[in-house]
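Have a look at the structure below before the remarks.
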Amino acid sequence: MKIPPVKGTRDFYPPDMARRNWIIDGWKRVSVRNGFEEYDGPIFEYLKMFQIKSGDEIVEQLFSLEDRGGRELALRPEITPTLARMVNQQISSLPKPIKWFSVPRLFRAERPQKGRLREFFQWNIDIIGVDDVLADAEVILTTIDYLREIGLTPKDIKVKISSRKLLAVFLRSIGIAENKLESLYTLLDKKAKLPEDTFEKLLTEQVTNKETVTKILNFMNCNSIPDIPKLITKENKEFYAYKNVMLVFDYLETMGVKDYCEFDAGIVRGLAYYTGVVFEVHAVEGELRAICGGGRYDNLLRDFGGPPISATGMGMGDCVLEILLKEKGLLGKSLPKKELDYFVAFAKGYGGGTVYKVAAELRSRGFSAVFSYKTSAGLSKLLKEASALNAKKCVIVGQEYLDNKQLVIKDMATGKQELVNYDSLFTQLKPESK
RNA sequence: GUGAAAGUAGCUCAGUUGGUAAGAGCACUGGAUUGUGGAUCCAGGGGUCGCGGGUUCGAAUCCCGUCUUUCACCCCA
């Protein structure tokens with residue numbers, strides 16, 4: 001009876017695993033060099049925890065279960081609630097700022113489609129306890145640091161940056177009621193996806209006043225920071241929000257990544273909990289969904305029963321990234337090749353236990369060594385196997401071993417061979433000679 | 001949850017208005033090659049044509065259902 005893989009999951013055969021590790025190792029390496037420390041939590045949590053941040057609708061998109069004690073649990077669809085829980089538990093003893101990263105395996109019971117599966121990996125970085133937008137800039141810098149390292153240039157991708165705070169003060173200044181903001185965010189977030197007239201129509205339905213609609217459209221289409229003051233009043237609050245956006249770009253310029261960044265008032269993010277700088281990374285060409293997104297969230301720790309400490313972070317899934325890298329031909333280019341120090345072969349009739357003994361001795365000294373299971377194969381076949389494994393050197397056990405306890409060492413790159421005494425082979429070897 | 005397209009070997013695919021049509025390339029295994037690798041040549045294994053039903057003398061091919069995949073919508077943490 002054949003059992004197929006579960007909908008929306010992936011099998012990672014060795015070549016797929018190599019790609020996955022390459023991506024994840026890059027995430028981890030870049031996190032560490034940007035000063036982030038790794039953390040992780042359980043793969044399932046109380047169902048309740050995911051409702052705090054995201055509400056009840058989200059429950060339908062969770063894999064939930066009940067344990068034998070009747071506890072309502074769910075596989076984690078994101079790790080930020082876990083982060084909030086963990087930080088709150090030890091908040092008073094953790095040195096600030098908290099700069100943590102994680103690469104959790106996440107689960108969402110959504111219908112799979114391009115760049116979206118039911119099980120995936122996501123790189124998360126967060127800075128907790130810094131109000132200054134310098135922290136937002138550093139999160140963006142770290143994101144770019146990775147994307148740049150894997151070969152993506154400002155011609156390939158753009159970080160589109162805006163501010164929820166700026167949007168909020170703007171909307172309030174033109175008379176939008178506080179309780180309408182949230183539903184308006186959801187609509188504004190779709191601007192780039194909807195046709196222009198459809199968007200305008202939906203906006204008019206929500207706002208009714210034609211003049212207000214025009215003001216919002218003008219603001220949303222703004223992609224130049226110097227133009228912002230023309231659109232907002234010069235009251236303190238608004239000017240402060242505007243200055244903060246300017247400041248982010250100043251920091252990013254100082255950090256040398258301004259080429260990757262642009263202001264785009266159309267970036268809103270669907271989620272309610274963002275309160276400050278928000279950003280998404282998009283491919284310049286193509287219709288691909290956002291590669292990653294993030295922003296500042298001021299209230300999350302408090303919502304999870306902790307102190308009102310501000311935080312900012314970023315999440316990047318592996319699915320969309322992999323699609324983009326394939327399109328750009330950047331995946332596999334820099335993948336590490338198979339590595340093998342020694343292949344231990346034998347000339348027909350001379351194998352026996354010596355082959356396994358040599359391999360075991362090499363392994364015990366820290367070298368990788370492989371022997372063949374084809375006990376009756378000819379040397380030709382065995383060397384072919386050694387080549388397929390990308391072996392650096394090949395040890396051949398043959399007549400010389402019977403005659404003088406000597407082994408043939410063949411350098412697979414140059415083809416050169418030398419005779420070495422069995423006893424001296426291992427004493428000559430030092431790990432550095434790898 | 002809604003809609004559209006597609007399912008033939010491990011992978012990528014071909015397959016004539018329905019008529020000896022179960023095929024190719026790659027991959028895999030073996031041989032040429034009993035002491036010398038990456039190449040080449042030859043051979044071999046591998047398929048309930050997603051599954052079930054129907055139409056027909058006859059179905060990979062047409063029809064219905066179903067499952068899966070992909071894509072779009074919803075949603076996007």
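Each chain gets a letter, A, B and so on, in the order the sequences are listed, and its residues count up from 1. Hydrogens, waters and symmetry mates play no part in the numbers below; they use all other heavy atoms, side chains included.
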*Please test Tyr297(A) against Tyr273(A) for ring pair (Phe, Tyr, Trp, His ring centres under 6.0 Å), starting from the C-alpha separation and ending with a verdict.*
CA-CA 6 Å; Tyr297(A) 48 98; Tyr273(A) 85 122; 5.2 Å; yes
*Indicate, with a heavy-atom threshold strictly under 4.0 Å, whether Gly294(A) touches base, sugar-phosphate, or nothing.*
nothing
*asked:* Treating primed atoms plus P, OP1 and OP2 as sugar-phosphate and everything else as base, which nucleotides of nucleotides 39-47 of chain B get B, S or - for protein heavy atoms under 4.0 Å?
replied: ---------
*Check Leu301(A), Leu94(A), Leu300(A) against Ile128(A) for a side chain to side chain contact (heavy atoms under 4.5 Å, CB included) and give me the one that passes.*
Leu301(A)
*asked:* So that I can tick it off, tell me whether Arg10(A) and Asp318(A) are bridged by a salt bridge, with the cut-off set at under 4.0 angstrom between side-chain N and carboxylate O.
replied: yes
_Under 3.5 Å: donor-acceptor pair, side chain of Arg105(A), backbone of Phe121(A)_ = no
*Would you please indicate yes or no on a ring centroid separation below 6.0 angstrom for Tyr46(A) and Phe44(A)?*
no
*In terms of side-chain geometry, is the basic nitrogen of Arg20(A) or Glu322(A) positioned less than 4.0 Å from the acidic oxygen of its partner?*
no
*With rounding to the nearest 0.5 Å, note down the distance linking NZ in Lys392(A) to CG in Asp411(A).*
10.5 Å
*What interatomic distance, in whole Å, is found between P of G50(B) and the corresponding atom of U33(B)?*
43 Å
*Select base, sugar-phosphate, or nothing to describe what Gly415(A) touches, counting heavy atoms under 4.0 Å on all strands.*
base
_For the CD atom of Gln206(A) and the CG atom of Leu188(A), what is their distance to the nearest 0.5 Å?_
8.0 Å
*Considering only heavy atoms, which members of residues 375-383 of chain A lie under 4.0 Å from some atom of RNA chain B?*
Leu379(A), Ser380(A), Lys381(A), Leu383(A)
*Rounded to whole angstrom, note down the C1' distance from C13(B) over to U17(B).*
23 Å
*When you compare A43(B) with C64(B), how far apart are their C1' atoms, in angstrom units rounded to a whole number?*
45 Å
*Can you spot which of Val344(A), Ile409(A), Leu362(A), Leu340(A) makes a side chain to side chain contact (heavy atoms under 4.5 Å, CB included) with Lys393(A)?*
Ile409(A)
*Kindly state whether the ring of Tyr401(A) and the ring of Tyr350(A) have centres lying under 6.0 angstrom apart.*
no
_Could you spell out the base pairing of RNA chain B as a dot-bracket line? Use Watson-Crick and G-U wobble contacts where both distances are under 3.5 Å, [ ] for crossing pairs, | for partners on a different strand._
(((((((..((((.....[...)))).(((((.......))))).....(((((..]....))))))))))))....
_At under 4.0 Å between heavy atoms, how does the protein contact nucleotides 71-77 of chain B? Give one character per nucleotide, 5' to 3', with B, S or -._
SSBBBBB
*Could Lys381(A) and Glu385(A) be called an ion pair, given the rule that one side-chain N must be under 4.0 Å from one carboxylate O?*
no
Show me the side-chain donor-acceptor pairs of residues 177-184 of chain A shorter than 3.5 Å, one per line, residues at least two apart or across chains.
| residue | atom | partner | partner atom | Å |
| --- | --- | --- | --- | --- |
| Glu178(A) | OE1 | Arg172(A) | NE | 2.6 |
| Glu178(A) | OE2 | Arg172(A) | NH2 | 3.2 |
| Ser183(A) | OG | Lys180(A) | O | 3.2 |

*Using the closest heavy atom to pick a nucleotide of RNA chain B for each, name whichever of Lys374(A) or Ala413(A) lands nearer the 5' end.*
Lys374(A)
*Could you give all pairs that pass the salt bridge (charged side-chain N to carboxylate O under 4.0 Å, His left out) test and reach residues 346-356 of chain A, with sequence neighbours left out?*
none
*Do NZ/NE/NH1/NH2 and the carboxylate oxygens of Arg269(A) and Asp189(A) come within less than 4.0 Å?*
no
*asked:* Classify Lys7(A) by what it touches in the nucleic acid, base, sugar-phosphate, or nothing, heavy-atom distance under 4.0 Å.
replied: sugar-phosphate
_Taking only the P atom of each, what is the distance from A27(B) to A22(B) in whole angstrom?_
27 Å
*With a non-hydrogen cut-off below 4.0 angstrom, is Gln417(A) in contact with a base, only sugar-phosphate, or nothing?*
base
*On a whole-Å scale, what distance lies between the P atoms belonging to G37(B) and G45(B)?*
28 Å
*Same-atom distance (C1') from C57(B) to U66(B), integer angstrom*: 29 Å
*How far does the P atom of A14(B) sit from the matching atom of G52(B), given to the nearest Å?*
24 Å
